[in-house]
Student: 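Structure below; questions to follow.
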Amino acid sequence: MALTYRFYRSPQIGTGTKDDPLRSKLTLYIFNDGSGSRFWDWVHYARPVRYALAHCESSTHTQIAADPEMTPLSGELADRAAIDAWMAETLQGAPQSIRDLFEADGFSVSWATTQTTKKQMLRYLCKVHVQTQDLERLGQTTTLECFRRALDSQVNQLPANVRTGVRDWMQAKGLDTTWIGGTTTIRQVIQYIVENIDWPVLTLGDVEV
Amino acid sequence: MASASSNFNTAENPLSEGGVWDNGAGAWGTVQATGTVAQPTTANTDSLARRNSPTFGGNHYAEVKSASLNNGDHGPCVRIASATDGDCYYLARGSSAWVRIYRISDTGSLSFIQLGSDFAAAANNDILRLDINGSTLTYFKNGVSQGTRSDATLSGGQPGFAVYGASAVTDSQVDDWSADDGAAGGRTTKNTRAWPLGVDVGMAWRLPA
(Lines give C-alpha, C1' and ligand atoms only; values in the text may rest on other atoms or scores of the structure.)
Protein backbone atom coordinates (compact mmCIF):
# COMPACT_ATOMS: atom_id res chain seq x y z
CA MET A 1 0.00 0.00 0.00
CA ALA A 2 1.30 3.43 -0.90
CA LEU A 3 1.71 5.84 1.98
CA THR A 4 0.26 9.32 1.70
CA TYR A 5 0.86 12.59 3.50
CA ARG A 6 -1.67 14.65 5.41
CA PHE A 7 -1.43 17.72 7.64
CA TYR A 8 -3.13 17.53 11.04
CA ARG A 9 -3.85 19.51 14.15
CA SER A 10 -3.93 17.18 17.13
CA PRO A 11 -4.12 17.59 20.88
CA GLN A 12 -1.00 17.05 22.94
CA ILE A 13 -1.44 14.17 25.35
CA GLY A 14 0.62 12.80 28.22
CA THR A 15 1.80 13.92 31.63
CA GLY A 16 5.50 14.43 30.90
CA THR A 17 6.80 11.24 32.50
CA LYS A 18 8.94 8.90 30.46
CA ASP A 19 6.17 6.31 30.34
CA ASP A 20 3.65 8.96 29.39
CA PRO A 21 5.61 11.73 27.65
CA LEU A 22 4.06 14.91 26.35
CA ARG A 23 3.37 14.00 22.74
CA SER A 24 0.97 14.29 19.85
CA LYS A 25 -2.13 12.13 19.93
CA LEU A 26 -0.93 10.94 16.52
CA THR A 27 1.38 8.58 18.44
CA LEU A 28 -1.69 6.47 19.17
CA TYR A 29 -2.16 5.87 15.44
CA ILE A 30 1.24 6.07 13.78
CA PHE A 31 4.16 3.81 14.62
CA ASN A 32 7.52 3.81 12.93
CA ASP A 33 7.38 0.11 12.13
CA GLY A 34 9.67 0.07 9.14
CA SER A 35 6.84 0.67 6.68
CA GLY A 36 7.73 4.34 6.42
CA SER A 37 4.84 5.49 8.62
CA ARG A 38 5.88 8.52 10.66
CA PHE A 39 5.02 12.07 11.47
CA TRP A 40 6.73 15.32 12.29
CA ASP A 41 5.36 17.99 14.59
CA TRP A 42 6.13 21.23 16.41
CA VAL A 43 6.12 21.68 20.18
CA HIS A 44 4.10 24.61 21.49
CA TYR A 45 4.92 25.46 25.09
CA ALA A 46 1.88 27.57 25.87
CA ARG A 47 -0.90 25.41 24.45
CA PRO A 48 -1.43 21.62 24.40
CA VAL A 49 -1.61 21.31 20.63
CA ARG A 50 0.62 19.76 17.99
CA TYR A 51 0.54 20.72 14.33
CA ALA A 52 1.93 17.88 12.28
CA LEU A 53 2.62 16.34 8.90
CA ALA A 54 1.89 12.62 8.87
CA HIS A 55 2.96 9.97 6.36
CA CYS A 56 1.06 6.69 6.65
CA GLU A 57 -1.38 4.35 4.95
CA SER A 58 -4.69 5.69 3.75
CA SER A 59 -6.55 3.39 6.13
CA THR A 60 -4.68 4.96 9.05
CA HIS A 61 -5.58 8.45 7.83
CA THR A 62 -9.20 7.32 7.82
CA GLN A 63 -8.92 6.15 11.43
CA ILE A 64 -7.29 9.41 12.48
CA ALA A 65 -9.90 11.53 10.74
CA ALA A 66 -12.66 9.62 12.52
CA ASP A 67 -11.27 10.74 15.89
CA PRO A 68 -13.23 13.87 16.85
CA GLU A 69 -10.17 15.31 18.61
CA MET A 70 -8.09 15.18 15.45
CA THR A 71 -8.46 17.78 12.73
CA PRO A 72 -7.15 17.07 9.24
CA LEU A 73 -5.91 20.32 7.70
CA SER A 74 -5.51 18.87 4.22
CA GLY A 75 -6.67 15.96 2.15
CA GLU A 76 -4.37 13.06 1.50
CA LEU A 77 -1.37 14.13 -0.57
CA ALA A 78 0.42 11.57 -2.68
CA ASP A 79 3.94 12.95 -2.65
CA ARG A 80 6.12 16.01 -2.18
CA ALA A 81 4.86 17.55 -5.40
CA ALA A 82 1.30 17.23 -4.12
CA ILE A 83 2.35 18.79 -0.81
CA ASP A 84 3.89 21.73 -2.66
CA ALA A 85 0.78 22.13 -4.81
CA TRP A 86 -1.48 22.10 -1.74
CA MET A 87 0.69 24.62 0.09
CA ALA A 88 0.61 26.91 -2.95
CA GLU A 89 -3.19 27.15 -2.76
CA THR A 90 -4.67 30.21 -1.14
CA LEU A 91 -6.46 30.12 2.18
CA GLN A 92 -9.65 31.27 0.48
CA GLY A 93 -10.81 27.73 -0.05
CA ALA A 94 -10.09 26.67 3.51
CA PRO A 95 -13.18 26.00 5.63
CA GLN A 96 -14.13 28.69 8.09
CA SER A 97 -13.90 26.05 10.82
CA ILE A 98 -10.16 25.71 10.18
CA ARG A 99 -9.66 29.47 10.34
CA ASP A 100 -11.64 29.55 13.57
CA LEU A 101 -9.50 26.73 14.94
CA PHE A 102 -6.30 28.63 14.20
CA GLU A 103 -7.67 31.67 16.03
CA ALA A 104 -8.78 29.58 19.00
CA ASP A 105 -5.27 28.08 19.16
CA GLY A 106 -3.73 31.55 19.28
CA PHE A 107 -2.68 31.85 15.64
CA SER A 108 -4.07 35.01 14.12
CA VAL A 109 -5.52 34.84 10.62
CA SER A 110 -6.55 38.49 10.56
CA TRP A 111 -3.38 39.38 8.64
CA ALA A 112 -4.23 36.99 5.81
CA THR A 113 -5.45 38.36 2.50
CA THR A 114 -7.23 36.68 -0.38
CA GLN A 115 -3.80 35.91 -1.82
CA THR A 116 -2.28 34.40 1.32
CA THR A 117 -1.20 30.83 0.67
CA LYS A 118 -1.46 27.82 2.94
CA LYS A 119 2.32 27.70 3.00
CA GLN A 120 2.44 31.26 4.34
CA MET A 121 -0.06 30.29 7.02
CA LEU A 122 1.98 27.23 8.01
CA ARG A 123 5.06 29.41 8.15
CA TYR A 124 3.21 31.81 10.43
CA LEU A 125 2.21 28.93 12.70
CA CYS A 126 5.83 27.79 12.87
CA LYS A 127 7.04 31.27 13.81
CA VAL A 128 4.65 31.44 16.76
CA HIS A 129 5.73 27.96 17.88
CA VAL A 130 9.36 29.06 17.79
CA GLN A 131 8.56 32.13 19.90
CA THR A 132 7.22 29.88 22.64
CA GLN A 133 10.25 27.60 22.30
CA ASP A 134 12.52 30.59 22.82
CA LEU A 135 10.69 31.57 26.00
CA GLU A 136 10.91 27.99 27.24
CA ARG A 137 14.65 27.93 26.59
CA LEU A 138 15.06 31.15 28.51
CA GLY A 139 13.05 29.73 31.38
CA GLN A 140 10.48 32.53 31.08
CA THR A 141 7.51 30.34 31.79
CA THR A 142 5.60 33.26 33.27
CA THR A 143 5.88 35.20 30.03
CA LEU A 144 4.42 32.24 28.14
CA GLU A 145 1.09 33.25 29.67
CA CYS A 146 0.88 35.90 26.95
CA PHE A 147 0.56 33.09 24.39
CA ARG A 148 -2.21 31.39 26.34
CA ARG A 149 -4.50 34.39 26.25
CA ALA A 150 -7.20 35.02 23.65
CA LEU A 151 -5.79 36.98 20.74
CA ASP A 152 -8.14 39.91 21.27
CA SER A 153 -7.49 40.27 24.98
CA GLN A 154 -5.62 43.42 25.87
CA VAL A 155 -2.20 43.94 27.34
CA ASN A 156 -3.73 45.64 30.39
CA GLN A 157 -5.53 42.37 31.13
CA LEU A 158 -2.21 40.58 31.61
CA PRO A 159 -0.74 40.30 35.10
CA ALA A 160 1.98 42.89 35.72
CA ASN A 161 4.76 40.30 35.84
CA VAL A 162 3.69 38.92 32.44
CA ARG A 163 3.64 42.43 30.92
CA THR A 164 7.10 43.07 32.30
CA GLY A 165 8.32 39.72 31.02
CA VAL A 166 7.05 40.37 27.50
CA ARG A 167 8.58 43.84 27.47
CA ASP A 168 11.97 42.64 28.71
CA TRP A 169 11.97 39.70 26.29
CA MET A 170 11.21 41.92 23.30
CA GLN A 171 13.73 44.54 24.33
CA ALA A 172 16.40 41.87 24.76
CA LYS A 173 15.81 41.02 21.10
CA GLY A 174 16.24 44.65 20.09
CA LEU A 175 12.55 45.16 19.41
CA ASP A 176 10.77 48.45 20.08
CA THR A 177 8.12 48.26 22.79
CA THR A 178 7.23 51.95 23.11
CA TRP A 179 4.23 51.55 20.79
CA ILE A 180 2.56 49.04 23.11
CA GLY A 181 -0.18 50.50 25.29
CA GLY A 182 -2.71 49.09 27.70
CA THR A 183 -5.32 48.54 25.00
CA THR A 184 -2.90 46.94 22.56
CA THR A 185 -4.11 43.41 21.85
CA ILE A 186 -2.13 40.19 22.22
CA ARG A 187 -2.79 39.69 18.52
CA GLN A 188 -0.95 42.93 17.73
CA VAL A 189 2.01 42.09 19.94
CA ILE A 190 2.51 38.61 18.48
CA GLN A 191 2.04 39.96 14.95
CA TYR A 192 4.67 42.62 15.57
CA ILE A 193 7.20 40.05 16.76
CA VAL A 194 6.50 37.78 13.78
CA GLU A 195 6.91 40.65 11.33
CA ASN A 196 10.07 42.11 12.79
CA ILE A 197 12.30 39.08 12.81
CA ASP A 198 14.26 37.95 9.79
CA TRP A 199 13.29 34.29 9.77
CA PRO A 200 15.48 31.65 8.15
CA VAL A 201 14.35 28.42 6.53
CA LEU A 202 11.58 26.84 8.61
CA THR A 203 10.68 23.19 8.28
CA LEU A 204 8.14 20.58 9.25
CA GLY A 205 10.08 17.38 8.81
CA ASP A 206 11.76 17.65 5.47
CA VAL A 207 9.17 20.07 4.12
CA GLU A 208 10.13 23.73 4.01
CA VAL A 209 7.31 26.00 5.04
CA MET B 1 36.77 22.42 16.89
CA ALA B 2 36.04 19.81 19.46
CA SER B 3 35.85 16.07 19.62
CA ALA B 4 35.97 13.54 22.44
CA SER B 5 35.55 9.83 23.05
CA SER B 6 35.51 7.28 25.82
CA ASN B 7 35.44 3.48 26.01
CA PHE B 8 34.90 3.42 29.80
CA ASN B 9 37.87 1.14 30.32
CA THR B 10 38.62 2.50 33.78
CA ALA B 11 36.24 1.43 36.53
CA GLU B 12 35.02 4.41 38.54
CA ASN B 13 31.83 5.49 40.23
CA PRO B 14 30.79 8.10 39.36
CA LEU B 15 32.31 8.36 35.90
CA SER B 16 34.88 11.15 35.87
CA GLU B 17 37.97 10.35 33.72
CA GLY B 18 39.95 13.08 35.34
CA GLY B 19 37.05 15.49 35.68
CA VAL B 20 35.92 15.70 32.05
CA TRP B 21 32.44 14.41 32.89
CA ASP B 22 29.73 16.27 34.80
CA ASN B 23 27.73 13.55 36.42
CA GLY B 24 24.09 13.71 37.50
CA ALA B 25 23.17 17.22 36.34
CA GLY B 26 20.03 18.69 37.87
CA ALA B 27 17.40 16.06 38.53
CA TRP B 28 19.39 13.32 36.81
CA GLY B 29 21.19 10.51 38.64
CA THR B 30 24.85 9.61 38.15
CA VAL B 31 26.61 7.21 35.80
CA GLN B 32 29.41 4.74 36.56
CA ALA B 33 32.02 3.03 34.43
CA THR B 34 32.62 -0.68 35.03
CA GLY B 35 35.91 -0.94 33.18
CA THR B 36 34.19 -2.18 30.05
CA VAL B 37 30.88 -0.29 29.78
CA ALA B 38 28.95 2.60 31.36
CA GLN B 39 25.73 2.07 33.33
CA PRO B 40 23.65 3.92 35.89
CA THR B 41 24.91 4.15 39.46
CA THR B 42 21.44 3.44 40.80
CA ALA B 43 18.64 1.33 39.36
CA ASN B 44 15.32 2.96 38.48
CA THR B 45 16.98 6.37 38.16
CA ASP B 46 17.34 8.39 34.96
CA SER B 47 21.08 9.03 34.82
CA LEU B 48 23.12 11.45 32.74
CA ALA B 49 26.80 12.06 31.99
CA ARG B 50 27.71 15.38 30.38
CA ARG B 51 31.10 15.88 28.78
CA ASN B 52 32.41 19.22 30.02
CA SER B 53 35.69 19.33 28.12
CA PRO B 54 36.49 20.36 25.46
CA THR B 55 33.88 23.02 24.77
CA PHE B 56 31.63 22.01 21.86
CA GLY B 57 29.91 24.27 19.38
CA GLY B 58 26.11 24.28 19.47
CA ASN B 59 25.95 22.04 16.41
CA HIS B 60 27.40 18.65 17.25
CA TYR B 61 26.67 14.96 17.50
CA ALA B 62 27.00 12.35 20.21
CA GLU B 63 26.93 8.59 19.71
CA VAL B 64 27.16 5.43 21.77
CA LYS B 65 27.14 1.71 21.15
CA SER B 66 24.05 0.16 22.66
CA ALA B 67 25.96 -2.57 24.49
CA SER B 68 23.05 -4.29 26.23
CA LEU B 69 19.50 -3.36 27.15
CA ASN B 70 17.17 -5.58 29.12
CA ASN B 71 14.74 -3.31 30.91
CA GLY B 72 15.12 0.43 30.54
CA ASP B 73 16.53 2.86 27.98
CA HIS B 74 19.71 4.62 26.95
CA GLY B 75 21.30 6.67 24.23
CA PRO B 76 23.26 9.76 23.26
CA CYS B 77 22.35 13.32 24.32
CA VAL B 78 23.16 16.66 22.76
CA ARG B 79 23.01 20.28 23.93
CA ILE B 80 23.06 19.36 27.61
CA ALA B 81 22.73 22.72 29.31
CA SER B 82 25.18 22.69 32.24
CA ALA B 83 26.59 20.74 35.16
CA THR B 84 23.55 21.72 37.21
CA ASP B 85 20.86 21.91 34.53
CA GLY B 86 20.04 18.70 32.68
CA ASP B 87 18.00 20.23 29.86
CA CYS B 88 18.94 18.38 26.66
CA TYR B 89 17.84 16.37 23.64
CA TYR B 90 17.94 12.63 24.26
CA LEU B 91 17.84 9.88 21.63
CA ALA B 92 16.45 7.01 23.69
CA ARG B 93 16.47 3.36 22.72
CA GLY B 94 13.81 1.76 24.91
CA SER B 95 13.51 -1.91 25.81
CA SER B 96 9.87 -1.72 24.74
CA ALA B 97 11.04 -1.79 21.11
CA TRP B 98 11.12 1.89 20.26
CA VAL B 99 13.58 4.68 19.66
CA ARG B 100 12.46 8.22 20.45
CA ILE B 101 13.85 11.72 20.47
CA TYR B 102 12.93 13.55 23.65
CA ARG B 103 13.40 17.17 24.60
CA ILE B 104 14.14 16.88 28.30
CA SER B 105 13.09 19.75 30.55
CA ASP B 106 14.91 19.72 33.89
CA THR B 107 13.18 21.94 36.42
CA GLY B 108 13.99 20.00 39.57
CA SER B 109 12.24 17.03 38.06
CA LEU B 110 12.50 15.70 34.54
CA SER B 111 9.78 16.26 31.97
CA PHE B 112 9.85 14.18 28.77
CA ILE B 113 8.59 15.88 25.63
CA GLN B 114 8.52 13.57 22.63
CA LEU B 115 9.27 15.02 19.20
CA GLY B 116 7.26 13.36 16.43
CA SER B 117 6.68 9.64 16.11
CA ASP B 118 8.63 6.64 17.38
CA PHE B 119 11.41 5.22 15.27
CA ALA B 120 11.75 1.48 14.64
CA ALA B 121 13.42 -0.61 17.32
CA ALA B 122 17.22 -0.83 17.56
CA ALA B 123 19.27 -3.80 18.75
CA ASN B 124 22.22 -4.50 21.00
CA ASN B 125 25.53 -3.37 19.49
CA ASP B 126 23.83 -0.85 17.21
CA ILE B 127 25.64 2.49 17.05
CA LEU B 128 23.16 5.25 17.89
CA ARG B 129 23.98 8.80 16.90
CA LEU B 130 22.03 12.00 17.54
CA ASP B 131 23.13 14.96 15.45
CA ILE B 132 21.88 18.49 16.09
CA ASN B 133 22.28 21.14 13.41
CA GLY B 134 20.45 24.40 14.03
CA SER B 135 16.95 23.22 14.80
CA THR B 136 17.23 19.87 13.00
CA LEU B 137 17.86 16.67 14.94
CA THR B 138 18.91 13.66 12.90
CA TYR B 139 19.02 10.09 14.18
CA PHE B 140 21.60 7.77 12.65
CA LYS B 141 21.73 4.03 13.29
CA ASN B 142 24.99 2.39 12.27
CA GLY B 143 25.75 5.40 10.10
CA VAL B 144 22.43 5.43 8.25
CA SER B 145 19.95 8.27 8.72
CA GLN B 146 16.66 7.13 10.23
CA GLY B 147 14.95 10.51 10.02
CA THR B 148 14.79 14.01 11.42
CA ARG B 149 12.85 16.06 13.95
CA SER B 150 12.65 19.84 14.30
CA ASP B 151 12.86 21.86 17.50
CA ALA B 152 14.36 25.24 18.33
CA THR B 153 14.12 25.18 22.11
CA LEU B 154 17.74 24.46 23.02
CA SER B 155 20.46 26.35 21.22
CA GLY B 156 23.72 25.31 22.86
CA GLY B 157 25.34 22.95 25.33
CA GLN B 158 27.56 19.92 25.57
CA PRO B 159 27.18 16.30 24.37
CA GLY B 160 26.85 13.25 26.61
CA PHE B 161 24.64 10.23 27.18
CA ALA B 162 21.86 8.91 29.39
CA VAL B 163 21.22 5.45 30.85
CA TYR B 164 18.29 4.00 32.78
CA GLY B 165 17.95 0.50 34.19
CA ALA B 166 14.48 -0.17 35.52
CA SER B 167 15.29 -3.09 37.81
CA ALA B 168 19.08 -3.32 37.97
CA VAL B 169 22.00 -1.12 36.97
CA THR B 170 23.11 -3.83 34.55
CA ASP B 171 19.79 -3.55 32.68
CA SER B 172 21.16 -0.68 30.60
CA GLN B 173 24.77 -0.50 29.42
CA VAL B 174 26.50 1.56 26.72
CA ASP B 175 30.01 1.61 25.32
CA ASP B 176 32.26 3.54 22.94
CA TRP B 177 30.85 7.04 23.37
CA SER B 178 32.08 9.78 21.06
CA ALA B 179 31.15 13.30 20.02
CA ASP B 180 32.26 15.88 17.49
CA ASP B 181 31.18 19.38 16.55
CA GLY B 182 32.18 19.13 12.94
CA ALA B 183 34.83 21.76 12.68
CA ALA B 184 37.31 19.00 11.85
CA GLY B 185 34.98 17.39 9.33
CA GLY B 186 33.69 14.69 11.64
CA ARG B 187 30.04 15.66 11.34
CA THR B 188 27.61 13.88 9.09
CA THR B 189 25.44 16.92 8.46
CA LYS B 190 26.55 20.35 7.43
CA ASN B 191 25.91 23.53 9.36
CA THR B 192 23.45 25.06 6.98
CA ARG B 193 20.61 26.35 9.07
CA ALA B 194 20.39 29.27 11.40
CA TRP B 195 17.51 30.11 13.68
CA PRO B 196 16.79 33.60 14.85
CA LEU B 197 16.21 32.94 18.50
CA GLY B 198 19.22 30.89 19.51
CA VAL B 199 22.27 32.31 21.19
CA ASP B 200 24.87 30.29 19.33
CA VAL B 201 23.54 30.64 15.82
CA GLY B 202 23.07 33.64 13.61
CA MET B 203 20.57 36.15 14.89
CA ALA B 204 19.21 38.74 12.53
CA TRP B 205 16.59 41.07 13.91
CA ARG B 206 15.08 43.54 11.53
CA LEU B 207 14.12 46.56 13.50
CA PRO B 208 10.94 48.37 12.55
CA ALA B 209 11.24 51.34 10.25
Student: So Asp151(B) and Trp42(A), side chain to side chain contact (heavy atoms under 4.5 Å, CB included) or not? Walk me through it.
Tutor: CA-CA 7 Å; Asp151(B) 191 78; Trp42(A) 294 316; over 6 Å; no

Student: Can any side-chain N or O of Asp41(A) pair as donor or acceptor with the backbone N or O of Gly116(B) at less than 3.5 Å?
Tutor: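 Yes, the answer is positive, given that a donor and an acceptor are paired below the 3.5 Å cut-off.
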
Student: With side chain to side chain contact (heavy atoms under 4.5 Å, CB included) as the test, would you mind laying out the steps for Tyr45(A) and Thr153(B) before giving the verdict?
Tutor: CA-CA 10 Å; Tyr45(A) 284 96; Thr153(B) 308; 3.2 Å; yes

Student: Tell me, do Arg100(B) and Arg23(A) make a side-chain contact under 4.5 Å, heavy atoms counted?
Tutor: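 With C-beta onward as the side chain, the pair stays apart.
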
Student: Hey, which of Ile104(B), Leu110(B), Asp46(B), Asp87(B) has the most heavy atom pairs under 4.5 Å with chain A?
Tutor: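 Option with the top pair count is Asp46(B).
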
Student: Can you find a pair of side-chain heavy atoms, one from Glu136(A) and one from Ser105(B), that are under 4.5 Å apart?
Tutor: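 Of all side-chain heavy-atom pairs linking Ser105(B) with Glu136(A), at least one is under 4.5 Å.
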
Student: Sort Thr27(A) into side chain, backbone, both or neither according to what part of it lies under 4.5 angstrom from a heavy atom of chain B.
Tutor: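 Just the side chain, heavy atoms under 4.5 Å.
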
Student: Check whether any side-chain heavy atom of Ser150(B) lies under 4.5 Å from a side-chain heavy atom of Trp40(A), and answer yes or no.
Tutor: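 SC-SC contact between Ser150(B) and Trp40(A) ruled out.
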
Student: Quick one: ring pair (Phe, Tyr, Trp, His ring centres under 6.0 Å) pairs with a partner in residues 1-21 of chain A, sequence neighbours left out?
Tutor: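 Output for this query lists Tyr5(A)-His55(A), Phe7(A)-Trp86(A), Tyr8(A)-His61(A).
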
Student: Working to the nearest 0.5 angstrom, can you tell me the gap between Phe39(A) CZ and Asp118(B) CG?
Tutor: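 One gets 8.0 Å once the value is rounded to the nearest 0.5 Å.
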
Student: Is chain A contacted by the side chain of Ser96(B), its backbone, both, or neither, given a heavy-atom distance below 4.5 Å?
Tutor: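 The answer is neither part of Ser96(B).
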
Student: Please tell me if the side chains of Lys18(A) and Tyr164(B) come closer than 4.5 Å, counting only heavy atoms from C-beta onward.
Tutor: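 In contact.
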
Student: At what distance, to the nearest 0.5 angstrom, does CZ of Phe112(B) lie from CG of Asp20(A)?
Tutor: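 Nearest 0.5 Å value for the CZ-CG distance: 12.0 Å.
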
Student: Return the CG to CD distance between Leu154(B) and Gln133(A), rounded to the nearest 0.5 Å.
Tutor: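 If we round to the nearest 0.5 Å, Leu154(B):CG and Gln133(A):CD are 9.5 Å apart.
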
Student: Which atom pair, heavy atoms only, marks the closest approach of Leu22(A) to Ser111(B)?
Tutor: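 It is CD1-OG, 4.1 Å.
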
